[in-house]
Amino acid sequence: MIDLRLLRDDPDAVRASQRARGESESSVDELLAADAQHRGALVRFESLRAEQKQLGKQVARAKGDEKQELLARTKQLAADVKAADLTVTETAEALRAAHLAVPNLVEDGVPPGGEDDFVVLKEVGLRPELDTVRDHLELGELLGAIDMERGAKVSGARFYFLTGVGALLQMGLFQLAMAQAVEYGLTPMVTPSLVKPESMEGTGFLGSHASEVYRLEADDLYLVGTSEVALASYHSGEILDLAEPRRYAGQSSCYRREAGSYGKDTRGIIRVHQFDKIEMFSFCRPEQSVEEHRRLLAWQEEMLAKVEVPYRVIDTAAGDLGSSAARKFDIEGWVPSQQRYRELTSTSNCTTFQARRLAVRYRDEDGKPQVAATLNGTLATTRWLVAILENHQQPDGSVRVPKALQQYLGRDVLEPVAR
RNA sequence: GGAGGCUUCGCCUAGUCUGGUCUAUGGCGCCCGCCUGCUAAGCGGGUUUCGGGUUUAUCCCCGAUCCCGGGUUCAAAUCCCGGAGCCUCCGCCA
């Protein structure tokens with residue numbers, strides 16, 4: 001949710017942001033109108049209610065005829081108050097709907113345009129020179145690391161088993177990521193995968209992404225698509241001490257319906273219904289959020305360096321930002337079998353947009369509660385196995401283990417196994 | 001799955017039976033000031049949160065807020081109904 005005060009003071013800034021996203025400006029005007037209506041209704045209700053309370057005190061003191069006379073008056077007033085209250089409730093609902101319809105303000109410097117208008121900020125690492133390229137699934141099967149067939153048998157399309165060194169590789173990768181998170185002072189977390197509707201809505205995933213989300217009808221719970229949901233909601237309704245940013249690194253399984261992606265990335269584990277992820281999450285003061293965003297990005301790059309995968313960093317265009325994000329950087333790793341970069345991490349600065357809905361606040365210098373800023377960023381996911389396997393493959397189908405992962409795997413090369 | 005108890009402004013707590021002087025009591029903590037060789041103690045004041053109005057700002061005024069949502073009533077922390085969370089016990093179970 002955007003800041004309504006900012007909207008009242010400077011509606012053109014919000015309109016400009018909408019233009020950058022390629023979205024309609026009319027939602028801004030609808031929100032302004034809903035806000036004005038709601039405030040008008042509030043003023044009417046409050047003055048009626050004040051009168052009612054005044055008379056109520058007189059009633060308590062009055063006796064006999066005087067009391068009967070007062071009761072006659074207050075009875076009508078009570079009906080008026082009730083009606084005014086109903087109007088307030090209605091305008092508040094309309095305001096909320098209009099409020100939810102307006103996405104976050106885009107940060108200055110974000111490239112305009114849509115999905116293809118991202119800006120490449122940098123490219124790092126040398127792409128491997130391979131005579132024969134096996135894709136990650138072929139390698140995974142050779143190594144006894146990935147079993148898609150039985151994944152499909154047990155759970156259906158886009159499910160898989162990580163087996164043997166595949167399982168070890170993921171766990172090693174995650175240990176490496178957690179070790180780095182701890183080194184930089186983030187608090188490690190293992191978070192719930194099932195959350196209540198308000199947590200899902202508070203983080204903004206029930207908007208345009210609602211069709212991506214698994215819902216458990218019988219229990220009115222949602223399966224998270226990322227631990228961002230649980231981590232953002234972790235401090236909902238709280239007032240935090242944010243002299244320093246509060247940072248977490250959460251591990252959870254992530255579930256995505258992948259509706260509308262039929263035929264896309266059907267091979268291997270690039271696009272699956274369930275995967276695991278380590279996610280960084282930060283609560284900080286809004287004025288620190290831009291700097292914090294760069295910090296998360298730097299930590300992500302450090303992880304990419306540790307797994308020795310070539311990558312590029314892109315600055316996502318305004319039209320491709322999620323509704324909560326003011327800016328988003330993706331790191332894409334090189335995938336030799338596709339001869340292109342694929343997304344391995346994403347980090348978003350949600351400024352106060354998410355925290356406002358979730359009521360996460362801190363106290364400023366004057367002791368006044370203020371809305372915090374939230375940021376999130378991937379530190380490792382199952383998809384990284386794709387880039388690791390493919391970039392470090394050798395002609396015989398074996399895969400070199402990046403130095404930083406060797407201690408977790410207990411070996412420096414993964415060898416093909418007989419099936 | 002069943003039975004019972006609890007939920008009050010950071011923490012603890014009074015108030016709920018018997019609706020209105022509740023503008024929610026007191027303690028702890030915290031903040032400001034006074035006092036004092038220093039410290040401690042003592043004294044005085046302040047301290048839920050949100051919204052609206054007013055204002056350069058401070059102040060002030062109004063409304064909401066006693067877990068949440070309904071209801072009864074002129075009037076609800078208080079009475080009634082529904083729900084959530086926590087705790088205890090019973091049953092079942094990886």
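Residue numbers begin at 1 in each chain, while the letters A, B, ... track the order of the sequences. Every heavy atom of this structure was used, including side-chain atoms; hydrogens, water molecules and symmetry mates were not.
rG15(B) and rG33(B) are spaced 32 Å apart, taking the C1' atom of each and rounding to whole Å. rA14(B) and rC6(B) have their P atoms separated by 12 Å, with the value rounded to a whole Å. Rounded to a whole angstrom, the distance from the C1' atom of rG51(B) to that of rC90(B) is 48 Å. Rounded to a whole angstrom, the distance from the C1' atom of rA57(B) to that of rC17(B) is 50 Å. Taking atom C1' in both rC79(B) and rA75(B), the straight-line distance is 13 Å, to the nearest Å. Comparing rA64(B) with rU7(B), their P atoms are spaced 24 Å from each other, to the whole Å. For the P atoms, the distance from rU58(B) to rG52(B) is 15 Å, rounded to whole Å. If you take atom P in rC67(B) and the same atom in rC11(B), they sit 13 Å apart, rounded to whole Å.
As a whole-Å value, the separation of Asp241(A) CG from rG10(B) P is 17 Å. Following rounding to the nearest Å, Lys368(A) (NZ) and rC50(B) (C1') show an atom-to-atom distance of 12 Å. When rounded to the nearest whole Å, the span between NZ of Lys196(A) and C1' of rG83(B) equals 11 Å. rG51(B) atom P lies 12 Å from atom NE2 of His38(A), rounded to whole Å. Distance CZ (Arg356(A)) to P (rG51(B)): 10 Å, rounded to an integer number of Å.
For rA3(B), the paired base is rU88(B) (Watson-Crick or G-U wobble, both distances below 3.5 Å). As the counterpart of rC30(B), rG46(B) is assigned, both hydrogen-bonding distances of the Watson-Crick or G-U wobble pattern falling under 3.5 Å. Look at rG37(B): it lacks any Watson-Crick or wobble partner with both distances under 3.5 angstrom. Judged by Watson-Crick or G-U wobble contacts below 3.5 Å, the nucleotide rU16(B) has no partner. Remark: rA24(B) base-pairs with no nucleotide in the shown strands. Criterion, Watson-Crick or G-U wobble with two distances under 3.5 Å.
Aromatic ring centres of Tyr248(A) and His235(A): separated by under 6.0 Å.
Under the rule for a ring-ring contact (aromatic ring centres under 6.0 Å, His included), Tyr214(A) has no partner lying at least two apart in sequence or in another chain. Evaluation of the side chain to side chain contact (heavy atoms under 4.5 Å, CB included) rule for Val182(A) yields Pro188(A) as partners, not counting sequence neighbours.
Nucleotides of RNA chain B nearest to Lys57(A) and Arg8(A) differ in position, and the one nearer the 5' end is that of Lys57(A).
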>> One character per nucleotide, please: for nucleotides 59-75 of chain B, 5' to 3', B when the base has a protein heavy atom closer than 4.0 Å, S when only the sugar-phosphate does, - otherwise.
In response: ---BBS-------S-BS
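Considering only side-chain N and O atoms, Arg44(A) lies nowhere under 4.0 angstrom from the phosphate OP1 or OP2 of rG52(B). Listed pair Arg361(A) / rG10(B) fails the phosphate criterion, with no side-chain N or O lying under 4.0 Å from OP1 or OP2.
Counted within 6.0 Å of CD on Glu244(A), heavy atoms from surrounding residues, nucleotides or ligands total 12 or fewer; the atom is thus considered open.
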>> Could you walk me through whether Arg383(A) and Glu343(A) satisfy the salt bridge (Lys or Arg N to Asp or Glu O under 4.0 Å) test, starting with their C-alpha distance in whole Å, then the side-chain angles of each, then the deciding distance to 0.1 Å, before giving a yes or no?
In response: CA-CA 9 Å; Arg383(A) 190 188 271 182; Glu343(A) 178 183 327; 5.3 Å; no
>> Pair Gln18(A), Ser27(A) - check side-chain hydrogen bond (donor to acceptor under 3.5 Å, both in side chains), show working.
In response: CA-CA 9 Å; Gln18(A) 285 296 86; Ser27(A) 62; 3.3 Å; yes
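Within the 3.5 Å criterion, the main-chain N or O of Trp299(A) finds a donor-acceptor partner in the side chain of Gln180(A).
Residue Glu201(A) is tested with Lys196(A), Arg96(A), Arg357(A) for a salt bridge (charged side-chain N to carboxylate O under 4.0 Å, His left out); the sole match is Arg96(A).
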